[in-house]
J.: 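If you scroll down you'll find the structure; I have some questions about it.
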Amino acid sequence: MTEREVRVRFAPSPTGPLHIGGVRTALYNYLLARKLGGKMLLRIEDTDQNRFVPGAEEYILEALAWCGIVIDEGQGVGGPHGPYKQSERKPMYKQYADQLIADGHAYYAFDTAEELDAMRARLQAAKVPNPQYNSITRAQMRNSLTLPEDEVKALLDGGAQYVIRLKVPRKEEVRFQDLIRGWVVVHSSAIDDKVLMKSDGMPTYHLANIVDDHLMEISHVIRGEEWLPSAPLHVLLYRYLGWESTMPQFAHLPLLLKPDGTGKLSKRDGDRLGFPVFPLEWHGTDAETGEATISRGYREDGYLPEALVNFLAFLGWNPGTQQEIFSMDELIQAFSIERVSKSPAKFDQNKVKWFNEHYLRAKSNAELAPYLLQALHEHAIVCSQEKAEQIVGVMKERVSFPNDFWQEAKYFFQAPTEYDETVVSKKWNAAVAAALTAYAEALPTAPEVSAEGLKTLFNDTMAAQGLKPGQVLQALRVAVTGAAAGPDLFETLVILGVPEVTERLRTAVATLPAAA
RNA sequence: GGUCCGUUCGUCUAGGGGUUAGGACAGUAGAUUUUCAUUCUACCAACAGGGGUUCGAUUCCCCUACGGACUACCA
């Protein structure tokens, strides 16, 4: 085969918010496309009108963009193979189903839902291990294989409801080579006569997927392992449609599992375990109660996209070196489908958090300041860019998320209303209060102060009071911030400014019990 | 039930016929720090079980167990 352009696609269904596993699938597609100099397509698979959820498509676009996954061609971008939404491609599929019928690889089936249920019930009663519409049972059903030709024609002409099913051969080994798993072999007897065209005239996933991948000249299909069982069916479809020579290469990704126990990571696990399973926050409605629900998102929880991407990339893949921190560009350079593992991975909250802390600390103060400024804005507090940068500068080593800045740095903007009890009871006494008063009075009035200067002054003042700095430091922190812990105290004082510090010291001395 | 896929520290994983089975996260301990955090150092901890093949198997093969996916006119 000649060198083919690499074209991969991410093809989600707009049935709700994009799951974090879907994000990883999209990411691997993207990495492979970029690595091999190919194209990344986005196709919306909305052939099931019943499951369509408004806003889901926009969500998918926004989530991918937030992660830095760039779509070269497809929904929201356009391109030469449009439209990229299957509902808009509806008229294109019928001819392929007709072709399959003409070639004897598919047939019309007129069975009602009740008849299908009855068939399954009958087979179940007869202890048939796997009740399905297949090469054996189709002989008992109402379809164009069993009905006389003129009756079929009459039904069709009379507008009877029908579906088109694939005529899967009785005995045949279907095999294909999976890029991750090697040869996968399935006997055709295990595959049922899948519906290709539904009675509403829409194709099912299987037909639409194969037709679109072929028409869009997809070279690699990278998708979740849940598709592995139907891959042989897809191979059959390519073959019967006469497209086997350009059939894409398959790669089925291992699943993402719940952090605890086992099983596929699901929407509910996030709520249960307290971490997001969606990239962005999602406002939906409960399917049963109809109540409005909010699902947490990584973005809103304060995760940086580069941290999420780095973490996700390593869930099921690794470069074979000891390096763990990778930018998107580095991932592209290092990625290879051969190094994707076969076994499923459990989602590890600690590891994502660690990645987030890493990327947070790697950011400049100027990049981080907006997060604090945003929170301040919400609390109607005015603050200069410069001061915000100073604060995030001393704070970024001690927080996990940008959202923590406000909570941790509150006291820079609000004088403490209460003081840490443990420190007060242990470290606060009349002598300390007096020493702090002395320090407050000794504080320079000049606007230019340095942490070093304040520290020296503190040490000198304490010496004059006959106290060791260590005896008073904690009390000073509590008096000024109310908290028992925080960044370097004298840096904190500098940011606060002398007038504010003086004021807070006076308040503390007046408020706190001078006993003991 | 059937078909298919999988199984190395608690977690993500490297490795691979002969290794002290390596790293990271988490955990623990210590150092640093005025405090907490950071940082640094150390420690803890794994080849699911049973059969083969082999001089030798965690690595190759088979079986078992366990886990998972699929089994719709859903994707």
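Numbers restart at 1 for each chain; the letters A, B, ... are given by sequence-line order, proteins then strands. What's counted below: heavy atoms across the whole structure, side chains too, no hydrogens, waters or symmetry copies. For clarity, every value in this text was computed on a predicted model and none was experimentally measured.
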J.: Need one value for A/Ala484: base, sugar-phosphate or nothing, where a base atom within 4.0 Å counts as base even if backbone is also close, heavy atoms only.
T.: base

J.: Round to a whole Å and report the spacing from CZ of A/Phe250 to C1' of B/C4.
T.: 15 Å

J.: When all nucleic acid strands are considered with a 4.0 Å heavy-atom cut-off, which category describes A/Tyr205: base, sugar-phosphate, or nothing?
T.: base

J.: Using a 4.0 Å heavy-atom cut-off across all strands, classify A/Ser230 as base, sugar-phosphate, or nothing.
T.: nothing

J.: Is B/C55 paired to anything, Watson-Crick or G-U wobble with both distances less than 3.5 Å, and if yes, which nucleotide?
T.: B/G18

J.: Any strand is fair game: report the nucleotide pairing with B/U7 by Watson-Crick or G-U wobble, both distances under 3.5 Å, or none.
T.: B/A65

J.: Which is true for A/Val195 with a 4.0 Å heavy-atom rule: it touches a base, it touches only sugar-phosphate, or it touches nothing?
T.: sugar-phosphate

J.: With A/Trp317 as reference, evaluate A/Phe335, A/Tyr28, A/Phe311 under the ring-ring contact (aromatic ring centres under 6.0 Å, His included) test and give the passing residue.
T.: A/Phe335

J.: Within this structure, what is the CD-to-P distance between A/Gln86 and B/A75, rounded to whole angstrom?
T.: 9 Å

J.: Under 3.5 Å, is there a donor-acceptor pair between the A/Tyr359 and A/Asn310 side chains?
T.: yes

J.: What contact category does A/Lys342 fall into here, base, sugar-phosphate, or nothing, at under 4.0 angstrom with non-hydrogen atoms?
T.: sugar-phosphate

J.: For a quick check of understanding: with a heavy-atom distance under 4.0 Å over all strands, which category does A/Arg477 fall into, base, sugar-phosphate or nothing?
T.: base

J.: Any donor-acceptor pair under 3.5 Å linking the side chain of A/Lys396 with the backbone of A/Lys363?
T.: yes

J.: For a quick test of reading the model: is some side-chain N or O of A/Arg361 closer than 4.0 Å to OP1 or OP2 of B/U38?
T.: no

J.: Using only side-chain N and O atoms of A/Lys198, determine if any of them is under 4.0 Å from OP1 or OP2 of B/C74.
T.: yes

J.: Are A/Tyr371 and A/Phe405 an aromatic pair by the rule of ring centers under 6.0 Å?
T.: no

J.: Start at the 5' end of RNA chain B and walk down; is the nucleotide closest to A/Glu357 or to A/Arg24 reached first?
T.: A/Arg24

J.: Assign A/Ser343 to base, sugar-phosphate, or nothing according to its heavy-atom contacts below 4.0 angstrom with the strands shown.
T.: sugar-phosphate

J.: Watson-Crick or G-U wobble partner for B/A42, using a 3.5 Å limit on both distances?
T.: B/U28

J.: Establish, with yes or no, whether the OP1 or OP2 oxygen of B/C70 is under 4.0 angstrom from a side-chain nitrogen or oxygen of A/Lys264.
T.: yes

J.: Hunt down the Watson-Crick or G-U wobble partner of B/C70, both distances under 3.5 Å, from any strand shown, or write none.
T.: B/G2

J.: According to a strict under-4.0 Å criterion, is A/Ser189 in side-chain N/O contact with OP1 or OP2 of B/U3?
T.: no

J.: Measuring to OP1 and OP2 of B/A14, would you say a side-chain N or O of A/Asn318 lies under 4.0 angstrom away?
T.: yes

J.: Touch check for A/Pro487, heavy atoms < 4.0 angstrom, all strands: base, sugar-phosphate only, or nothing?
T.: base

J.: Is it the case that over 12 heavy atoms from other parts of the model lie below 6.0 angstrom from the NZ atom of A/Lys342?
T.: no

J.: Could you tell me if the ring centre of A/Phe412 sits under 6.0 Å from that of A/Trp406?
T.: no

J.: For RNA chain B, whose closest nucleotide is more 5', that of A/Arg181 or that of A/Leu489?
T.: A/Arg181

J.: Sort out the partner of B/U34 for me: Watson-Crick or G-U wobble, both distances under 3.5 Å, none otherwise.
T.: none

J.: Mind checking if A/Ser341 touches a base, just sugar-phosphate, or nothing, with heavy atoms under 4.0 Å?
T.: sugar-phosphate

